[in-house]
Amino acid sequence: MTLPQEVKIVEVGPRDGLQNEKQVLDIATKVSLIKKLADVGLQTIETGSFVSPKWVPQMANSGEVYEMLNHNSSIRYPVLVPNVKGFSNALSFKVKEMSCFTAASDTFNQKNINCSVDESLERIKALMDEAKSHNIPVRGYVSCIVGCPYQGDIEPAMVARVTEKLLSMGCYEISLGDTIGVGTPGRISSLIEYLSNYVPKEKLALHLHDTYGQALANIYAGLQSGIRVFDSSVAGLGGCPYAKGASGNVATEDLVYMFNGLNIHTGVDLNKLIHVGDFISKVLGRVNQSKVANALLSE
Ligand code: HMG
Ligand code: MG
């Protein structure tokens, strides 16, 4: 397959990244991070989530953060919502785009959102009905597409079932989450081929955590299999609080470096992005997970 001329990057650092940090960042720091990400050319930035603050206190100020962003630009700022309550809370802050989430594993879902996959699909159905009546576009996430921290290997048939269901409910795109980063290129390619028997590839995105250092190789496999939308996280921030041991997403800096090398347009200024990763790593007092950023900053 020939490679595309351009791809879309969905930056998830302010949500997937910061939800997993011990420290709860204040509103001003989060807004500053998101504005810097917007300034480097990222067109879609997931800014937070409307989940229970008892479960994920790091995201409790997502509404206030959202309100302080510049909504006059063409940049999209989706937020994560688990149910109608989250949807309504997000709507009260005039959020224009949302993402719902479930998994291909019942046990992971129980730990993450306190219900089974089928129960979560019922909650999402109610949320989607609300979204349709308010004209809110909703993206869907399916976690544990390859493996689950509790159940082990996941059958592609389960991924296909949940993906199909979310699309039939009206999600405009499904982001396939390798939550614990256990996938390898062969498995990602064969999963995409399998899914393409049920859903159009154009409706799929990849959301790959880099726990085993496989994310870039898996993204390249996804690219060759026809995927054109990739989630990533500045400085490789992230993880899931309910997936023990899961490390961050692929670092946006590393992803952009790879696409630049392939002459695939992302619209992102790599040099500026590296400084944003440096900024947030210093704020959090953590090691920047981007190999590219570390190499270029030490030059
Ligand atoms: P629950 O306790 O089962 O909810 O939590 P409930 O319906 O029984 O309600 C209990 C209380 O929570 C009630 O309040 C509700 O109003 C409140 P009380 O009457 O006790 O005062 N509540 C809420 N509050 C705020 N926002 C809401 C909300 N819903 C109910 N939306 C719930 C269920 C889903 C809320 C909870 O389990 C939760 O918040 N989980 C957090 C999950 C999460 O954020 N995980 C990380 C994101 S997913 C991820 O990272 C994976 C992804 O990146 C892809 C990948 O990598 O694979 C997307
Ligand atoms: Mg994730």
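No experiment lies behind these values; they were computed from the predicted model shown. Just so you know, ligand 1 is whichever comes first in the structure, and atom 1 is the first atom listed for that ligand.
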Protein residue, atom and distance nearest to atom 2 (O) of ligand 1, heavy-atom basis: Trp55 NE1, 3.7 Å
Counting only heavy atoms on the protein side, is anything nearer than 4.0 Å to atom 9 (O) of ligand 1? no
Any heavy atom of Asp16 under 4.0 Å from ligand 1? The part involved is side chain
Specify whether an N/O/S atom of Asp16 falls short of 2.8 Å from the Mg ion (ligand 2). yes
Quick one: does Asn114 get an N or O within less than 3.5 Å of an N or O on ligand 1? yes
For Glu193, I'd like to know if atom CD has over 12 heavy atoms of other residues, nucleotides or ligands within 6.0 Å. yes
How does Pro82 reach ligand 1, if at all, at less than 4.0 Å between non-hydrogen atoms: by side chain, backbone, both, or neither? side chain
Relative to the heavy atoms of Phe101, which atoms of ligand 1 are at a distance of less than 4.0 Å? 48 (S)
Would you mind running through ligand 1 and noting each atom that sits below 4.0 Å from a heavy atom of Ser143? 51 (C), 54 (C), 55 (C), 57 (O)
With nothing but distance in play, are any N or O atoms of Asp178 less than 3.5 Å from an N or O of ligand 1? no
Measure Val81 to ligand 1 on non-hydrogen atoms and call it side chain, backbone, both or neither using the 4.0 Å cut-off. neither
For atom 33 (C) of ligand 1, state whether the nearest protein heavy atom is under 4.0 Å away. yes
Below 4.5 Å, heavy atoms only, C-beta onward: do Ile280 and Leu25 meet side chain to side chain? yes
Minimum-distance protein heavy atom relative to atom 14 (O) of ligand 1: Lys54 NZ, 4.9 Å
Between Phe50 and Phe93, what is the ring plane arrangement, given parallel below 30°, perpendicular above 60°, and tilted in between? tilted
I need the contact type for His207 against ligand 1. Using non-hydrogen atoms and a strict under-4.0 Å cut-off, is it side chain, backbone, both or neither? side chain
Quick one: sort the His71 and Tyr77 rings into parallel, tilted or perpendicular, breaks at 30° and 60°. perpendicular
Atom 25 (C) of ligand 1: closest protein heavy atom, distance to 0.1 Å, is Val51 O, 3.5 Å
Non-hydrogen protein atom less than 4.0 angstrom from atom 56 (O) of ligand 1: yes
Worked verdict on Arg187 versus Asp153 for salt bridge (charged side-chain N to carboxylate O under 4.0 Å, His left out): CA-CA 11 Å; Arg187 277 197 79 178; Asp153 269 8; 3.5 Å; yes
Work out whether the distance between some heavy atom of Arg15 and some atom of ligand 1 is less than 4.0 Å. yes
For ligand 1, which is the ligand I care about here, please tell me if Arg123 has any N or O atom under 3.5 Å from one of the ligand's N or O atoms. no
For ligand 1, which part of Pro53 has a heavy atom less than 4.0 Å away: the side chain, the backbone, both, or neither? side chain
